[in-house]
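Every heavy atom of this structure was used, including side-chain atoms; hydrogens, water molecules and symmetry mates were not.
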Amino acid sequence: QQKVLNIPFHKAIDNLAFAAGKKNGVKERIKQRERSDTNRLRKLDRPVPIDPNILNAFQQGLHPFWQRRNYTPDVALRFNLGFCEGQIGNLKHRLTIPITDELNRLVAVQGRTIVDDEFPKYTYTDSQQGESAKLTLYNYPYARHYGKGRGWVGVVESANSVWRAYQYGYKNFCATLSTTVTERQVELLVKLGLNIVIFFDYDPPYTMAGQIGAVKLAKTLKQRGVKTWIVNPNMVCDPAQLSKDQFMMSLKGAIQYA
């Protein structure tokens with residue numbers, strides 16, 4: 001904590017070395033440390049709203065990519081799906097998925113590649129929006145509203161699994177957008193005061209990311225006093241790939257986490 005000339009001691013040493021004209025990488029280390037400090041200062045504790053007019057820059061409607069996966073035009077209309085033709089952040093030539101927070105404010109736009117083997121498959125306009133997206137739950141306001149009528153809310157990994165549930169008449173689903181669930185997402189689920197059904201993807205045995213993520217979330221929710229069910233992973237692969245009958249049977253086979 002010592003300071004020289006009112007700056008931290010380690011920065012004073014770096015500045016002296018740099019002023020001496022030594023080509024020892026000090027300048028780059030200073031820049032890296034400043035970038036790291038800046039990132040820490042920008043760490044978000046809640047989603048940051050963005051200008052909703054950004055959606056006007058995207059081609060609206062059901063893209064052929066989603067049409068081939070048997071989604072319907074009403075799904076595209078309800079969730080404001082689109083496609084980014086130009087260069088807007090990291091979204092060029094990507095399907096666009098608007099993400100709102102618990103107050104229904106636009107906080108991010110997720111972009112999905114139309115080429116399945118392209119990496120990354122999912123990205124965001126920028127890093128801040130990506131961070132905001134992980135501090136909320138996709139479709140949370142609607143899942144909360146319709147969940148009150150059913151007495152439970154379903155939690156899936158991806159936005160398109162939410163759409164599939166919606167298409168099958170289940171409007172009470174939200175998504176974590178990852179197998180990793182943040183503390184704020186857990187808090188949002190707890191605040192619902194409803195039973196939770198976790199319907200994560202079933203990943204092949206060599207990864208088991210979905211199964212591990214589901215059990216971890218169920219354990220955390222149980223510790224908070226929330227009754228939780230997990231859909232039997234032996235019955236499903238990806239909720240978004242199931243027929244209506246398969247989807248309903250999978251839900252009926254959910255097992256309470258005890």
Side-chain angles (χ1 to χ4, degrees), residues 47 50-100 106-139 155-168 173-182 185 199-214 233 236-244 246-247 250:
I50 61 174
D51 185 355
N53 289 320
I54 189 177
L55 301 181
N56 296 330
F58 306 136
Q59 297 176 8
Q60 301 297 314
L62 186 67
H63 191 277
F65 180 92
W66 297 126
Q67 187 175 3
R68 289 192 295 270
R69 283 157 174 76
N70 298 319
Y71 291 104
T72 53
D74 64 307
V75 169
L77 181 63
R78 159 64 186 81
F79 294 98
N80 294 315
L81 305 185
F83 182 76
C84 181
E85 182 67 36
Q87 184 69 56
I88 301 178
N90 300 317
L91 302 183
K92 186 176 183 180
H93 295 162
R94 283 180 175 264
L95 302 158
T96 55
I97 305 168
I99 298 170
T100 58
L106 183 68
V107 298
V109 178
Q110 187 183 61
R112 192 210 192 276
T113 175
I114 57 176
V115 182
D116 281 330
D117 59 358
E118 183 179 338
F119 182 82
K121 183 177 291 187
Y122 289 94
T123 188
Y124 294 91
T125 310
D126 55 44
S127 58
Q128 178 176 283
Q129 289 187 28
E131 192 174 347
S132 285
K134 285 299 296 170
L135 294 173
T136 189
L137 289 160
Y138 181 76
N139 199 49
V155 183
V156 291
E157 291 181 41
S158 64
N160 47 314
S161 290
V162 170
W163 310 337
R164 190 65 75 196
Y166 173 87
Q167 198 166 305
Y168 292 158
F173 272 76
C174 59
T176 60
L177 303 178
S178 171
T179 55
T180 303
V181 182
T182 64
Q185 289 177 324
F199 200 169
F200 279 10
D201 297 358
Y202 171 60
D203 299 299
Y206 53 83
T207 63
M208 297 185 68
Q211 298 93 302
I212 293 172
V236 301
C237 178
D238 176 353
Q241 297 175 357
L242 300 180
S243 67
K244 185 174 182 178
Q246 290 173 326
F247 194 97
S250 295

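- For the pair Gln185/Val155, no side-chain contact is recorded, criterion being any heavy-atom separation below 4.5 Å from C-beta on.
- Considering CD of Gln110 and CG of Asn90, their distance stands at 12.5 Å, rounded to 0.5 Å.
- Paired with Trp66 under the rule side-chain contact (heavy atoms from CB on, under 4.5 Å), one option of Leu81, Thr72, Val75 passes, and it is Leu81.
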Query - Working for side chain to side chain contact (heavy atoms under 4.5 Å, CB included), residues Thr176 and Leu137 - result: CA-CA 5 Å; Thr176 60; Leu137 289 160; 3.8 Å; yes
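- Between His93 and Phe83 there is a side-chain heavy-atom pair separated by less than 4.5 Å.
- Pro98 and Thr96 make their closest contact through CD-O, 3.8 Å (heavy atoms, listed as atom of the first residue, atom of the second, distance).
- Of all heavy-atom pairs spanning Phe247 and Ala165, the tightest one is CZ-CB, 3.7 Å.
- Contact between Arg69 and Arg164 at its shortest, heavy atoms only, is O-NH2, 2.6 Å.
- The side-chain contact (heavy atoms from CB on, under 4.5 Å) test with Val109 is passed by exactly one of Ile99, Leu55, Ile97, Asn80: Leu55.
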When the side chains of residues 156-163 are checked against the rest of the protein, which donor-acceptor pairs come out under 3.5 Å, sequence neighbours left out?
residue, atom, partner, partner atom, Å
Glu157, OE2, Asp201, N, 2.9
Ser158, OG, Asn160, OD1, 3.0
Ser158, OG, Ser161, N, 3.3
Ser158, OG, Ser161, OG, 3.0
Trp163, NE1, Tyr138, OH, 2.9
Trp163, NE1, Ala159, O, 3.3

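- Residues Leu106 and Ile54 meet the side-chain proximity criterion, which asks for heavy atoms closer than 4.5 Å.
- Ile88 and Ala57 get closest at one heavy-atom pair: CD1-CB, 3.5 Å.
- Nearest heavy atom pair, residue Pro239 against residue Phe199, reads CG-O, 3.3 Å.
- Gln167 places a side-chain N or O within donor-acceptor distance of the main-chain N or O of Asn70, the cut-off being under 3.5 Å.
- Using a 4.5 Å cut-off on side-chain heavy atoms (C-beta onward), Gln211 and Tyr202 make contact.
- The pair Asp116-Arg68 fails the salt-bridge criterion, with no side-chain N (NZ, NE, NH1 or NH2) lying under 4.0 Å from an Asp/Glu carboxylate O.
- Put simply, the side chain of Asn139 reaches to within 4.5 Å of the side chain of Arg78, judged on heavy atoms.
- Note that OH of Tyr71 and CG of Leu62 are 10.5 Å apart. Values are rounded to the nearest 0.5 Å.
- The ring of Phe79 has its center closer than 6.0 angstrom to the ring center of Tyr166.
- The shortest distance between side-chain heavy atoms of Arg94 and Glu118 falls below 4.5 Å.
- In this structure, NZ in Lys134 is found 7.5 Å from OH in Tyr124, a value given to the nearest 0.5 Å.
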